[in-house]
Student: 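One structure follows; several queries about it will come next.
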Number of protein chains: 2
Amino acid sequence: MERKKERREKRNERASKLRRLGLRATPQRLAILAFLEGNRNHPSAEEIYQALKPRFPSLSLATVYGTLEILEQSGEIQVLTIDPERRRFDPDPTPHAHFYCQLCGRVFDLPRVQPALEKLPEEIEGFWVEKVSLSAYGVCPACRKR
Amino acid sequence: MERKKERREKRNERASKLRRLGLRATPQRLAILAFLEGNRNHPSAEEIYQALKPRFPSLSLATVYGTLEILEQSGEIQVLTIDPERRRFDPDPTPHAHFYCQLCGRVFDLPRVQPALEKLPEEIEGFWVEKVSLSAYGVCPACRKR
DNA sequence: ATAATTGCAAAAGCTTTGCACGGAA
DNA sequence: TTCCGTGCAAAGCTTTTGCAATTAT
């Protein structure tokens, strides 16, 4: 069974990543990292919490928020303010465009729009720019069909 | 005194605008419109409320929220989600870039960055785009000096 | 007159905080 | 053993809602 070994390795990678950031590798943090990894759904804190709850019955929403906070400060993830109702979290910290569907509320990546962002300088009209975000609002392909 | 006449005219313009939208021209709405007009501070609902409270002691926050909601739906203003803490309102409904200062929390217009937005089509990769917003985060000129 | 709008209070979310306990290093 | 991290409950905010009273038309 190679799968077991693979999982163990990924787990170790995540633990190392956390320790490299000066953080303790707790089961909760490892689970949140694992859930986020490769997740393109831009989940909210509540969604992460609900998804992990079955396997971590003692998990608390406060821990989820806390972990997401330090992961953002560490540059491992990015927080999106695209959804007017709640914060969304993106495991990919590199700048890229997002789309918010006003019908279903889902958030999508728009990787091909990215280039427009690259051209922005570190300084615009005296403002020091740390991060740029491009958000589009409208109707996603699935909702257009209905 | 020409000022009085001018104020009366502006007030009439706002009243007409409201009625054109099928809305009643109440003192509260006229005051909110007047406060927003030419206001480049991207105020929050609370800020609008506090600013108008002295002259409209009976004004309620619920009315402010309600008015802002219908003004947005009418296309008269735009709601910004750039501030992670609260919604900000912009009397200019046309798409333009914004800057959020992470130190003082103020929101600025970045009118010269606008062109980058113009190039975006109505449809991107199957997504129907109704609105695009470009937000930059960093430190504003005033805060850089300190 | 009458239908829309206001203001109040309460409710509904989302997110943060304080603190005692538990667990990683 | 030593702190860092967790979980719980409560609090803090922003925003929404229901409804009776008011007011624009």
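Just so we're on the same page: letters track the sequence lines, and every chain starts at 1. What you see is a predicted model; the values in this text were computed from it and never measured.
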Student: Inspect the surroundings of NZ in A:K131 and state if more than 12 heavy atoms from other residues, nucleotides or ligands are less than 6.0 Å away.
Tutor: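 Counting other residues, nucleotides and ligands, NZ of A:K131 exceeds 12 neighbours.
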
Student: Could you tell me whether the phosphate oxygens of C:dT16, OP1 or OP2, come under 4.0 Å of any side-chain nitrogen or oxygen in A:R87?
Tutor: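 Indeed, a polar side-chain atom of A:R87 lies that close.
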
Student: Restricting to nitrogen or oxygen on both sides, can you table the protein-nucleotides 23-25 of chain C pairs closer than 3.5 Å?
Tutor:
{"unit_1": "C:dG23", "atom_1": "N2", "unit_2": "A:R24", "atom_2": "NH1", "d": "3.0"}
{"unit_1": "C:dA24", "atom_1": "N3", "unit_2": "A:R24", "atom_2": "NH1", "d": "3.4"}
{"unit_1": "C:dA25", "atom_1": "OP1", "unit_2": "A:R19", "atom_2": "NH1", "d": "2.7"}
{"unit_1": "C:dA25", "atom_1": "OP1", "unit_2": "A:A25", "atom_2": "N", "d": "3.3"}

Student: Taking only residues two or more places apart in sequence, or in another chain, which ones meet B:Y137 in a side chain to side chain donor-acceptor pair (under 3.5 Å)?
Tutor: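 Expected list: A:T81.
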
Student: Heavy atom of residues 56-79 of chain A under 4.0 Å from DNA chain D: which residues?
Tutor: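 Nucleic-acid contacts, sorted: A:S58, A:L59, A:S60, A:A62, A:T63.
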
Student: Indicate yes or no for a side-chain donor-acceptor contact from A:Q78 to the backbone of A:P91 under 3.5 Å, with no hydrogens or angles considered.
Tutor: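 No, A:Q78 side chain to A:P91 backbone: no donor-acceptor pair under 3.5 Å.
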
Student: Could you tell me the separation between the CG atom of A:D83 and the C1' atom of C:dT15, rounded to a whole number of Å?
Tutor: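 Going from CG in A:D83 over to C1' in C:dT15 covers 14 Å.
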
Student: Starting from C1' on C:dC8, measure out to OH on B:Y49 and report it in whole angstrom.
Tutor: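 The distance from OH of B:Y49 to C1' of C:dC8 comes to 10 Å, rounded to the nearest Å.
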
Student: Using the rule given for side chain to side chain contact (heavy atoms under 4.5 Å, CB included), can you reason through A:D90 versus A:N39, listing the C-alpha separation, both sets of side-chain angles and the distance that settles it, and then say yes or no?
Tutor: CA-CA 8 Å; A:D90 190 331; A:N39 186 320; over 6 Å; no

Student: Looking at residues at least two apart in the chain, or sitting in another chain, which of them share a side chain to side chain donor-acceptor pair (under 3.5 Å) with A:R87?
Tutor: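 Result, side chain to side chain donor-acceptor pair (under 3.5 Å) vs A:R87: none returned.
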
Student: Counting only N and O atoms by type, is there a donor-acceptor contact under 3.5 Å from the side chain of A:T63 to the main-chain atoms of A:L59?
Tutor: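 It does not hold such a pair.
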
Student: Taking ring pair (Phe, Tyr, Trp, His ring centres under 6.0 Å) as the cut-off, I'd like each qualifying pair that reaches into residues 34-59 of chain B, sequence neighbours left out, listed once.
Tutor: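 Listed by first then second residue: B:H42-B:H98.
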
Student: So does A:R14 have more than 12 non-hydrogen atoms from other groups sitting under 6.0 Å from CZ?
Tutor: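 More than 12 within 6.0 Å, yes.
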
Student: Could you tell me from which nucleotide to which nucleotide of DNA chain D, 5' to 3', there is an atom under 4.0 Å from chain A heavy atoms?
Tutor: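 Endpoints of the contacted stretch of DNA chain D: D:dC3 to D:dC8.
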
Student: Does a salt bridge link A:K17 with A:E76, judged by any charged N lying under 4.0 Å from a carboxylate O?
Tutor: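 Salt bridge between A:K17 and A:E76, a charged N being under 4.0 Å from a carboxylate O: yes.
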
Student: Any sub-3.5 Å donor-acceptor pair from B:S74's side-chain atoms to B:I70's backbone N or O?
Tutor: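 Flag set: sc B:S74 to bb B:I70 pair under 3.5 Å.
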
Student: For A:E46, answer base if it contacts any base atom (sugar-phosphate contacts may also be present), sugar-phosphate if it contacts only those atoms, and nothing otherwise; contact means non-hydrogen atoms under 4.0 Å.
Tutor: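 Contact class for A:E46: none.
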
